[in-house]
Amino acid sequence: MMGGRVANKKVLITGAAGGLGTAMAHRLAREGAKVAVSDINLDGARALADAINADHPGSAFAFAQDVTSEEQWIAVIDAATRAMGGLSVLINNAGIGGPLAFVEQDTVENWQRQYEINLRSIMLGTKHAMPHLRDAAPASIINISSVAGLAAAPGMGAYNATKAGVWMYSKTIALEAAKMDWNVRCNSVHPVFIKTPILDPFIAMAGGDEGKAHERLARGIPLKRIGEPDDVAYCVVYLASDESKFITGTEFVIDGGMLAQ
Ligand SMILES: NC(=O)c1ccc[n+]([C@@H]2O[C@H](COP(=O)([O-])OP(=O)(O)OC[C@H]3O[C@@H](n4cnc5c(N)ncnc54)[C@H](O)[C@@H]3O)[C@@H](O)[C@H]2O)c1
């Protein structure tokens, strides 16, 4: 594809074998980007790259990456930059939820795991991607937080805290890059429940009944439904593109109106 809203953009997406990352990769490739898709699940990343390359030959590259490892960040950024001929968009998407636990039942291990995967990973990726993003500017960093980074819920301490950290850290990076005139923007995205495997525990809690689980999750949402991966992917395409060139240091809430209440 010659044209497209993100033609010539070179994008690295972490956790891309999962629901949201996969939707983002497909949308970005359809709009002309090259995509490096990484995941701790290499088979999943490879299957995604193969599917994209079937429609857009030579535009997707798969990498194994655990986002908690600084060494792997350095290696993947280097390999992805070489494969795509640059790096102009970093999408920090990999993330996990944890077991629901009130503070007295919560564990240090749960906090450590969520901190390393949801938050510390973003510092590592930003640190090592920044020189390449500067070289390829105009560039964009897109951090996938959650509505849970803006509004709390009982039993979700580690997720609330790490996702709130992603929200504020995105603003720090936006201001640093602006101060230095790097032409690298940074924003956070805050989805409510979206139909991906991350919701499997809620389906289990509804006795395996997916429809019932989705209906329960939709209860606090004014639009009366939960989201589709493409609801997030379209926002990401906008933030990756130069259409959003004056937008930095802010948050995009994708929640069917939930936080408006
Ligand atoms: N789906 C939702 O309802 C929802 C809502 C708000 C925010 N989010 C956020 O969106 C992002 C994507 O979530 P999703 O819904 O696609 O979930 P998902 O579980 O479908 O995908 C997450 C992906 O991250 C990968 N991953 C896990 N640990 C990793 C690690 N250490 N290194 C690299 N990859 C790792 C998994 O293999 C998986 O492919 C997450 O940050 C999540 O917190 C999701």
Side-chain angles (χ1 to χ4, degrees), residues 12-27 36-49 62-73 75-77 80 90-98 110 112-125 141-153 156 158-167 169-170 188-204 210 213-214 216-218 220-221 225-233 235-236 251-256 258-259:
L12 170 59
I13 311 172
T14 65
L20 295 189
T22 291
M24 292 170 199
H26 279 296
R27 285 285 152 209
V37 293
S38 81
D39 203 288
I40 202 164
N41 165 8
L42 178 60
D43 288 346
R46 279 199 178 129
L48 170 61
F63 299 95
Q65 183 186 12
D66 179 343
V67 294
T68 67
S69 157
E70 183 166 21
E71 258 171 42
Q72 290 186 30
W73 263 113
V76 167
I77 286 172
L90 171 65
I91 306 179
N92 285 303
N93 168 70
I96 55 159
N110 177 40
Q112 190 65 27
R113 195 162 156 266
Q114 292 202 50
Y115 162 66
E116 288 192 7
I117 297 177
N118 293 350
L119 181 55
R120 195 186 74 137
S121 64
I122 295 187
M123 177 272 182
L124 294 176
I141 301 169
I142 304 165
N143 294 329
I144 308 303
S145 174
S146 169
V147 289
L150 301 171
M156 292 184 65
Y159 195 70
N160 285 146
T162 55
K163 290 298 189 178
V166 174
W167 172 55
Y169 186 60
S170 303
S188 57
V189 174
H190 302 256
V192 75
F193 303 115
I194 311 285
K195 288 174 197 161
T196 76
I198 214 171
L199 299 187
D200 287 350
F202 295 97
I203 297 171
E210 191 176 81
H214 290 174
R216 280 187 188 164
L217 292 172
I221 301 175
R225 60 178 185 271
I226 65 169
E228 307 281 346
D230 268 350
D231 293 329
V232 178
C235 177
V236 162
E251 52 281 319
F252 283 71
V253 178
I254 303 174
D255 72 344
M258 196 172 86
L259 295 189

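Whatever order the structure lists them in is the order used to number ligands and atoms, beginning at 1. Just so you know, these numbers use all the heavy atoms, side chains as well, and skip hydrogens, waters and symmetry mates.
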query = Which pair of non-hydrogen atoms, one from Ala36 and one from Phe63, has the smallest distance, and what is that distance?
reply = CB-CE1, 3.8 Å
query = So, is Val147 polar-close to ligand 1, with some N/O to N/O distance under 3.5 Å?
reply = no
task = Tell me which protein heavy atom sits closest to atom 32 (N) of ligand 1, plus the residue, atom name and distance to 0.1 Å.
result = Val67 N, 3.0 Å
inquiry  = Side chains of Thr162 and Ile117, heavy atoms from C-beta outward: is any pair under 4.5 Å?
reply    = no
task = Indicate yes or no: at least one non-hydrogen side-chain atom of Leu217 is less than 4.5 angstrom from one of Leu199.
result = yes
remark   = Within 4.0 Å of some non-hydrogen atom of Phe193, the atoms of ligand 1 are 3 (O)
request  = Considering non-hydrogen atoms only, spot the tightest contact between Gln72 and Asp66 and give its length.
outcome  = OE1-N, 2.7 Å
query = Does Pro197 come within less than 4.0 Å of ligand 1, judged by its heavy atoms?
reply = yes
message = Quick test of your reading of the structure: of Asn118, Asp39, Thr196, Ile96, whose heavy atom lies closest to atom 15 (O) of ligand 1?
response = Thr196
message = For ligand 1, which is the ligand I care about here, please tell me if Ile194 has any N or O atom under 3.5 Å from one of the ligand's N or O atoms.
response = yes
ask   = Hey, does Lys163 have a side-chain heavy atom less than 4.5 Å from the side chain of Leu119?
value = no
key: Top protein contact for atom 6 (C) of ligand 1, by heavy-atom distance   = Pro191 O, 3.2 Å
Ile91/Thr14 under side-chain contact (heavy atoms from CB on, under 4.5 Å): CA gap, chis, key distance, verdict = CA-CA 7 Å; Ile91 306 179; Thr14 65; over 6 Å; no
inquiry  = Using a 4.0 Å cutoff against the non-hydrogen atoms of Leu199, which atoms of ligand 1 qualify?
reply    = 3 (O)
inquiry  = With a 4.0 Å cut-off on heavy atoms, is His190 in contact with ligand 1?
reply    = no
note = among protein heavy atoms, the one nearest atom 20 (O) of ligand 1 is Gly19 N, 3.0 Å
ask   = Among protein heavy atoms, which sits nearest to atom 17 (O) of ligand 1, and what does the distance come to when rounded to 0.1 Å?
value = Ile198 CB, 3.5 Å
message = What I want to know is whether Tyr159 and ligand 1 share at least one N or O pair that is separated by under 3.5 angstrom.
response = yes
remark   = Contact region, Gln65 to ligand 1, non-hydrogen atoms below 4.0 Å, reads backbone
Donor + acceptor pair across side chains of Asn143, Ser170 (<3.5 Å) = yes
request  = State whether the number of non-hydrogen atoms from other residues, nucleotides or ligands found under 6.0 Å of Arg120 atom CZ is greater than 12.
outcome  = yes
ask   = Looking only at heavy atoms, what is the nearest atom pair of Leu48 and Ala25, with distance?
value = CD2-CB, 3.9 Å
task = List the atom of Pro229, the atom of Lys195, and the distance in Å for their closest heavy-atom pair.
result = CG-O, 3.5 Å
request  = Please state whether Val192 comes within less than 4.0 angstrom of ligand 1, counting heavy atoms only.
outcome  = yes
query = For atom 26 (N) of ligand 1, which of Ile13, Val37, Ile40, Asn92 has the closest heavy atom?
reply = Ile40
ask   = Is there a heavy atom of Ser145 sitting under 4.0 angstrom from any atom of ligand 1?
value = yes
note = Taken to the nearest 0.5 Å, the spacing of Gln114 CD from Ile96 CD1 works out to 5.0 Å
inquiry  = Looking at ligand 1, would Asn93 count as a contact under a 4.0 Å heavy-atom criterion?
reply    = yes
ask   = Short list, please: which atoms of ligand 1 are under 4.0 Å from a heavy atom of Gly95?
value = 22 (C), 40 (C), 41 (O)
request  = Apply side-chain contact (heavy atoms from CB on, under 4.5 Å) to the pair Phe252 and His190, showing each step before the final yes or no.
outcome  = CA-CA 6 Å; Phe252 283 71; His190 302 256; 5.8 Å; no
task = Give the numbers and elements of all ligand 1 atoms closer than 4.0 Å to a heavy atom of Asp66.
result = 30 (C), 31 (N), 32 (N)
key: Nearest-neighbour protein heavy atom for atom 21 (O) of ligand 1, which is reported as residue plus atom name and distance   = Gly18 CA, 3.3 Å
task = Look at atom 16 (O) of ligand 1 and say which protein heavy atom is nearest, naming residue and atom and giving the distance to 0.1 Å.
result = Leu20 N, 2.8 Å
inquiry  = If the cut-off is 4.0 Å to any non-hydrogen atom of Ile144, which atoms of ligand 1 fall inside it?
reply    = 9 (C), 10 (O), 11 (C), 41 (O)
note = Nearest non-hydrogen protein atom to atom 24 (O) of ligand 1, with distance, is Gly15 CA, 3.6 Å
ask   = Looking only at heavy atoms, what is the nearest atom pair of Val166 and Ser145, with distance?
value = CG1-CB, 3.9 Å
request  = Assess whether atom CZ of Arg216 is packed by more than 12 heavy atoms of other residues, nucleotides or ligands within 6.0 Å.
outcome  = yes
